[in-house]
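Here the structure is laid out as structure tokens; the discussion comes afterwards.
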Amino acid sequence: MWLPHLQKCQELFNNTVATLPQKKSIVVLGSAHLHEIPLHLLLANFEQITLVDIVHPLKHHWLAKRNPR
């Protein structure tokens, strides 16, 4: 049940990003564990990425330190 949800979210993200005139920055509110929109999709599509949530997993802190965007 979870996999179809994730696939639909990623498909919606990719379709929406394809229609954007510019892909300079994105702010993800409630980013949490980034299940619905994995970090690799954000990195492949935007110059600047801002993740907003109360708590982020340690894994995301490590990834952010390795990638200046």
Side-chain angles (χ1 to χ4, degrees):
M1 300 282 288
W2 186 246
L3 187 57
H5 166 75
L6 295 179
Q7 290 171 331
K8 291 222 183 255
C9 289
Q10 292 175 23
E11 180 181 330
L12 177 63
F13 173 83
N14 285 326
N15 291 342
T16 302
V17 168
T19 67
L20 296 176
Q22 295 183 19
K23 298 174 187 164
K24 291 187 178 190
S25 66
I26 187 169
V27 177
V28 180
L29 302 175
S31 54
H33 291 275
L34 291 171
H35 291 301
E36 284 82 1
I37 304 174
L39 191 55
H40 75 274
L41 292 177
L42 298 172
L43 291 169
N45 288 284
F46 294 94
E47 294 175 25
Q48 181 179 346
I49 302 160
T50 304
L51 304 176
V52 180
D53 211 318
I54 293 173
V55 177
H56 284 108
L58 190 54
K59 170 184 162 185
H60 295 154
H61 288 277
W62 292 331
L63 290 170
K65 285 185 181 201
R66 290 193 318 213
N67 191 310
R69 292 188 277 165

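All residue numbers in this chain count up from 1 along the given sequence.
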To the nearest 0.5 Å, atom CG of L12 lies from atom CD of Q7 at 13.5 Å
Cluster membership besides I54, Ile/Leu/Val/Met/Phe/Trp/Tyr side chains within less than 4.5 angstrom, sorted by chain and number, is V55
key: Close side-chain approach of I26 and N45, heavy atoms under 4.5 Å   = no
Output for pair (Q10 CD, N15 CG), nearest 0.5 Å, gives 12.0 Å
### Task
Taking the side chain as every heavy atom from C-beta outward, state whether V28 and F46 have any pair of such atoms under 4.5 Å apart.
no
The complete set of ring-ring contact (aromatic ring centres under 6.0 Å, His included) pairs with one or both residues in residues 3-23, sequence neighbours excluded, reads W2-H5
task: Report, as yes or no, whether the 6.0 Å neighbourhood of atom NZ on K23 holds more than 12 heavy atoms from other residues, nucleotides or ligands.
output: yes
CD1 (I37) and CG (L6) are apart, to the nearest 0.5 Å, by 11.0 Å
Any side-chain heavy-atom pair of V17 and L41 under 4.5 Å: no
Going hydrophobic residue to hydrophobic residue with side-chain gaps under 4.5 angstrom, can you get from V27 over to L39? no
Heavy-atom closest pair (S31 atom, D53 atom, distance to 0.1 Å) is N-OD2, 3.3 Å
